[in-house]
Amino acid sequence: MTSTPPARPDAAFVFRRAGPRAGGPDPLRWWALAVVSLAQLTVLLDGTIVNIALPSAQAELGMGDGSRQWVITAYSLALGGLLLLGGRVADLMGRKRAFVVGLLGFSVASAVGGAATTPVMLFAARAGQGAFAALLMPTALSLVVTMFTDPKDRGRAFGVFGTVSGVGSAAGLILGGLLTEYLGWRWCMYVNVPIALVAIGGGLRVLRGDERGPGGARLDVAGAVWGCGGVTAAVYGFSAAEARGWADATVLGVLAAAVVLLGVFAVRQGRVRDPLLPLRVVRERVRAGALGIAALGQIGTFAVLLFVTYYLQVVLGYSAVLAGVAFLPLTAGMTVGVTLAARLAPRSPARSLVTPALLVAAAGALLLTRMTAGSSYTAVVLPALVLCGVGLGGAAMTAMTVATAGVAPCDLGAASAVFTAAQQVGGSVGTAVLNTVAASVAAGRLPRTQAPGARAEAAVHGFTVALGAVVVLLVAGAAAALLLWAPRRAGGAPGRAG
């Protein structure tokens with residue numbers, strides 16, 4: 001099997017103009033982008049919209065406190081564990097077909113969840129949503145890459161797609177609060193059905209015909225078992241660490257199993273004819289760096305969402321709806337960051353975009369470390385959310401562009417899947433570690449401070465210490481991008497930045 005060798009994504013890499021693919025640009029590509037972005041928004045909304053509805057669903061279905069977490073965990077495990085498989089399936093079966101199947105399955109699972117009469121039924125529906133989202137998300141990203149071949153058009157398309165990705169999680173908090181308050185928690189599931197049906201109809205009409213993988217290619221089933229099992233174990237282990245603690249035997253055992261499974265998976269991918277994740281996709285220096293930036297950016301995003309949500313609702317007493325509205329500056333900042341990165345990408349080295357973006361995000365997180373139980377939202381939280389949004393949006397946009405640049409068409413699904421997997425695992429790891437840090441610091445401070453409001457002060461102190469760790473991570477990521485993405489001279493030594 002012969003394939004076009006991927007272009008070298010240089011560290012000082014500028015997105016240069018390329019000729020249009022055979023037959024010219026698709027005249028319906030912008031309509032297709034709208035459809036793909038709508039599908040992406042549906043999946044991303046579902047990642048947070050259910051969080052707001054969970055207390056109402058628990059009360060109606062009689063869920064115990066010990067089992068309610070499976071409404072969230074079932075989704076994240078299925079999504080994180082099956083992403084690599086979903087990306088490769090999209091490469092083999094054709095992206096248009098995978099897009100329609102993913103949306104159809106997601107809408108059916110959503111309808112089942114909305115009609116759930118028992119906790120187990122709701123858990124199964126959430127797992128089904130995650131499984132079909134694992135097919136849909138890498139398919140959506142790879143469709144954007146294949147539809148837009150001109151660098152300028154691709155930058156604009158990534159700007160739209162990246163904005164939707166940034167807005168989705170924050171918008172889910174607002175929409176979840178509104179639906180739960182005025183229509184009931186079940187509509188947080190039902191709302192996906194009409195949106196998915198509209199996207200399916202649009203996809204059938206405006207997406208180009210399927211481009212399947214090369215004839216004779218087979219799905220690496222054994223590799224899927226090792227890889228999906230390893231990612232699932234990693235996501236579960238880090239999630240369980242939040243509740244059980246890092247010294248728990250189950251947590252340590254699951255994480256050890258994840259290391260073994262992923263190790264076997266990596267060895268196998270270098271030996272089989274049709275790997276689930278071709279190692280050439282992740283071996284390139286800059287693309288590997290982009291995956292690291294994607295994971296780091298998701299850690300920062302999840303940390304801000306987690307700690308600021310708790311701060312607004314628990315410390316300042318905001319309602320769920322008002323807390324969702326309070327995140328609009330983050331959404332606006334992400335839109336600005338993504339738009340700026342999209343405009344600058346065609347003529348700027350990747351590292352000259354990522355490094356300042358991460359430093360801007362670090363400045364926002366640093367401002368959040370000044371929070372106290374009596375801080376003003378407008379003086380501290382609002383400007384911090386804007387800075388975090390601009391920085392994290394710009395970094396994510398650039399990382400997405402670099403991670404998918406120069407990938408052979410037969411590997412686009414796998415490249416898109418590993419990018420999304422890096423974000424999912426990064427978010428899971430970051431949430432578990434930082435939440436543990438915040439809880440430990442708060443618990444250690446409380447016994448020494450028994451004045452009125454001591455619990456709130458201790459909680460806020462825990463948040464600020466964890467956010468301080470985020471600042472360190474973002475600054476370290478900015479430095480790594482500056483050094484590791486430096487252009488290399490012909491002899492292999494790092495050269496001057498372009």
| Pairwise salt bridge (charged side-chain N to carboxylate O under 4.0 Å, His left out) hits with a residue in residues 292-312, at least two apart | none
| task | Check Leu135 against Gly86 and note the closest heavy-atom contact, atom names and distance. | result | CD1-O, 3.5 Å
| said: Just so I know, are the side chains of Tyr311 and Leu368 near enough to count as touching, which here means a heavy-atom distance under 4.5 Å? | reply: no
| field | Listed once per pair and sorted, the side-chain hydrogen bond (donor to acceptor under 3.5 Å, both in side chains) pairs that draw on residues 254-268, sequence neighbours left out | value | Asp220-Arg268
| remark: Taking every heavy atom of Ala357 against every heavy atom of Ala395, the minimum-distance pair comes out as CB-N, 3.7 Å
| note | Given the options Thr139, Val145, Leu141, Leu143 meets side chain to side chain contact (heavy atoms under 4.5 Å, CB included) only with Thr139
| remark: Distance col, row Leu122:CG vs Glu60:CD, nearest 0.5 angstrom, shows 10.5 Å
| field | Main-chain N/O of Ala478 paired to Thr355 side chain as donor or acceptor, under 3.5 Å | value | yes
| query | Less than 4.5 Å apart, any side-chain heavy atom of Leu312 and any of Phe327? | reply | yes
| message | Within this structure, what is the CG-CG distance for the pair Leu473 and Leu467, rounded to the nearest 0.5 Å? | response | 11.0 Å
| task | Kindly compute the distance separating CG (Leu330) from CG (Leu392), expressed to the nearest 0.5 Å. | result | 7.5 Å
| remark: Residue pairs meeting side-chain hydrogen bond (donor to acceptor under 3.5 Å, both in side chains), one or both in residues 126-138, sequence neighbours left out, come to Asp46-Arg126, Asp46-Gln129, Ser110-Gln129, Arg126-Gln129
| field | Worked verdict on Ile299 versus Leu434 for side-chain contact (heavy atoms from CB on, under 4.5 Å) | value | CA-CA 9 Å; Ile299 291 173; Leu434 294 173; 4.0 Å; yes
| task | Check side-chain hydrogen bond (donor to acceptor under 3.5 Å, both in side chains) between Ser375 and all other residues, then give those that pass, not counting sequence neighbours. | result | Thr372
| task | Could you tell me which non-hydrogen atom of Ala442 sits nearest to which non-hydrogen atom of Ala458, and how far apart they are? | result | CB-O, 3.3 Å
| remark: Interatomic distance, CG@Leu38 vs CD1@Ile195, rounded to 0.5 Å, equals 6.5 Å
| Below 4.5 Å, heavy atoms only, C-beta onward: do Val470 and Val304 meet side chain to side chain? | no
| query | Roughly how far apart are Gln423 CD and Leu291 CG, rounded to 0.5 Å? | reply | 9.5 Å
| remark: Residue pairs passing the ring-ring contact (aromatic ring centres under 6.0 Å, His included) test with at least one member in residues 456-477, sequence neighbours excluded, are Phe307-Phe463
| message | With a 3.5 Å distance limit and no angle check, can you tell me whether Tyr190 reaches the backbone of Gly114 through a side-chain donor-acceptor pair? | response | yes
| Residue pair Leu79, Met137: steps toward the side-chain contact (heavy atoms from CB on, under 4.5 Å) verdict | CA-CA 9 Å; Leu79 174 59; Met137 291 181 76; 3.9 Å; yes
| Closest non-hydrogen atom pair, Ala456 against Ala373 | CB-CB, 4.4 Å
| What are the two closest heavy atoms between Thr369 and Thr464, and how far apart are they? | O-CG2, 3.4 Å
| query | Do Met93 and Val101 come within less than 4.5 Å of each other through their side chains, counting heavy atoms only? | reply | yes
| request: Compare every heavy atom of Gly227 with every heavy atom of Leu262, then report the nearest pair and how far apart it is. | output: CD2-O, 3.9 Å
| request: Among residues two or more places apart or on two chains, list those pairs meeting side-chain hydrogen bond (donor to acceptor under 3.5 Å, both in side chains) that have a residue in residues 465-475. | output: none
| Euclidean distance, Leu387 CG relative to Leu359 CG, rounded to 0.5 Å | 12.0 Å
